[in-house]
Amino acid sequence: MRHILAFIWKHNFFFLFLVLEILSIALLVNQSYYQRAVITNVTDRVTGRVFDSYSSVTGYFLLRKENERLASENAILWQRVKQGQLTTDTLSTLLVDTLNRQTYRYMVAKVISNSTNHRNNYIMLNKGKIHGIEPDMAVINPEGIVGTVVSVSENFSWVMSVLNKHSKVSARINRLNQMGTVLWQGSNPEIGSLTDIPVHVKVNQGDSIYTSGYSYIFPEAVMVGEVIEIKIKEGEHFYDIDFRWAADFNSLTYVYVIKNLYREEQVELSKQVIDE
Amino acid sequence: MNRSYTYIAARFILLVATQVLLIDHMQLGGYINPPVYVLFILLLPFQTPGWVLLITSFILGLSVDAFSNSTGLHAASSVFMAFIRPYIIKGVGAPAEYEGHLDPGIHDMGTNWFLVYSGILIFMHQLAYGILESFYLREAGIILLRVLLSTVATLVIVVLIEYLFTRKKK
């Protein structure tokens, strides 16, 4: 025993290195939702405040772009306002209202930290548990999809950007009604990739990609991007499609956090099927 | 001596702040994210005991991690870099004991020495970082490209900081 201790003491530099390295890698690899939540709760108290005051300064630089975005979104929303439409039949309007129950609740949050230059990018929002944010809520901006909430503390939340190797979003090319999966290959933050589209359909450049709504997270038909390059690998049955993201991830300022009000019910139901 | 501790503590805070508030928000073509904070590890005095070197690097890495939601990633690569630092110093050539208070900076050791020393260490840091971050073998090409580009970018920024913010000792 003494010899072992003496040996460790003699090589304390190496053993301390080993301990710290294993500790860091364990932190990196072993991240369950629970651990993540515990760590976030502790660190966000400091980092959240720092990013909050930082973004209150840098926010001014993006005001012009944000205004344009809001104006164009307002234009779209005005078209949906009843005054902007011809009323054909009062009865049908009433029927539409009772038939459609609200499925998604939208909340506005401000991006206070964001990155696009890592392999795994995360976004911090200035809203958290007390504002009703929960993990697995969808995050979009007026242009397109942004990410999914992964961890929440009292006042802040971390969003896994779609620019992340763990991000997989179910999407659809609307013109063809074909389902695929949206991923990010990690090189260019402007380009995403769409897989699982079979080669027997004809995909064109410029086809729009929308969310499919099959994931219980994202609502249906949120813009994802526009196809720019279509590749087929020898002997593969699926395309490798590159597309340009609709959202400009570098200039994110305000985003919508979306709660699917029926998510629990849907997940519960799908569990029953899987269990059997 | 107390004065130099204050300097080192201030350097720690300034470099972490520069990293998380400035560098992490810069866009350099999507491939590059230069970890400028490693300058702290590079500039720790030659006499720093091994365990201090490792533990400060660990805390440094964790601080940057807290701001980028990547628990352990920066810590692991910083600890690795701190671990190989003494061997690199030995390899590149350390100053003799009696030369007194020399720091591993550009002014005391010269541009060539500093370029080789920090070039190797930053490269090793980035290599560890790239491998731990991605873990995909099929992304090996991209990882290597990223590592090389970030290493060069970091080296340029680190040398600039050294020239701009440190004075020659009299």
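First the proteins, then the strands, lettered A, B, ... as listed; each starts at 1.
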Query raised in the report: What distance separates A:Glu21 CD from B:Leu54 CG, expressed to the nearest 0.5 Å?
Result: 9.5 Å
Report summary line: From the list A:Thr47, A:Leu163, A:Val46, A:Asn114, the residue making the most non-hydrogen contacts under 4.5 Å with chain B is A:Thr47
Query raised in the report: Given side chains that start at C-beta, do those of B:Phe58 and A:Ser24 come closer than 4.5 Å, heavy atoms only?
Result: yes
Query - CG on A:Leu23 to CG on B:Leu62, rounded to 0.5 Å - result: 7.5 Å
Query raised in the report: Measuring heavy-atom distances to chain B, does A:Gln185 have an atom under 4.5 Å in its side chain, in its backbone, in both, or in neither?
Result: both
Report summary line: Answer key: most heavy-atom pairs under 4.5 Å with chain B among A:Val50, A:Asn12, A:Asn121 is A:Val50
Report summary line: Scored by heavy-atom pairs under 4.5 Å with chain A, the best of B:Ser77, B:Ala17, B:Gly50 is B:Gly50
Query raised in the report: By number, which residues in residues 78-86 of chain B have some heavy atom less than 4.5 Å away from chain A?
Result: B:Val79, B:Phe80, B:Ala82, B:Phe83, B:Pro86
Requested in this report: Answer yes or no: does atom NZ of A:Lys168 have more than 12 heavy-atom neighbours from other residues, nucleotides or ligands under 6.0 Å?
Outcome: no
Report task. Measure across A:Ser115 and B:Asp24 and return the closest heavy-atom pair with its distance rounded to 0.1 Å. Result -> CB-O, 4.5 Å
**Report entry** chain B interface, residue from A:Phe17, A:Tyr54, A:Phe51 that has the most non-hydrogen pairs under 4.5 Å
**Finding:** A:Phe17
Can you give the donor-acceptor pairs under 3.5 Å from side chains of residues 139-149 of chain A to other protein atoms, not counting sequence neighbours?
| unit_1 | atom_1 | unit_2 | atom_2 | d |
| --- | --- | --- | --- | --- |
| A:Asn141 | OD1 | A:Glu143 | N | 2.9 |
| A:Asn141 | OD1 | A:Gly144 | N | 3.1 |
| A:Glu143 | OE1 | A:Asp248 | N | 3.2 |
| A:Glu143 | OE2 | A:Arg69 | NE | 3.4 |

Query raised in the report: Taking all atoms of both residues into account, what is the closest heavy-atom pair of B:Arg146 and A:Asn117, and its distance?
Result: NH2-O, 3.2 Å
**Report entry** side-chain hydrogen bond (donor to acceptor under 3.5 Å, both in side chains) involving A:Lys233 - partner list, sequence neighbours excluded
**Finding:** A:Asp240
Report summary line: Against chain A, residues from residues 121-130 of chain B with at least one heavy atom under 4.5 Å, in numeric order, are B:Tyr129
Requested in this report: Verify the neighbour count for atom NE2 of A:His11: are there more than 12 heavy atoms of other residues, nucleotides or ligands below 6.0 Å?
Outcome: yes
Report task. To the nearest 0.5 angstrom, please state how far the CD1 atom of B:Ile142 sits from the CZ atom of A:Arg119. Result -> 7.5 Å
Query raised in the report: Given a strict heavy-atom distance threshold of 4.5 Å, which part of B:Ile55 is in contact with chain A: side chain, backbone, both, or neither?
Result: both
Query raised in the report: Taking atom NE2 of A:His166 as the centre, does the number of heavy atoms from other residues, nucleotides or ligands within less than 6.0 Å exceed 12?
Result: yes
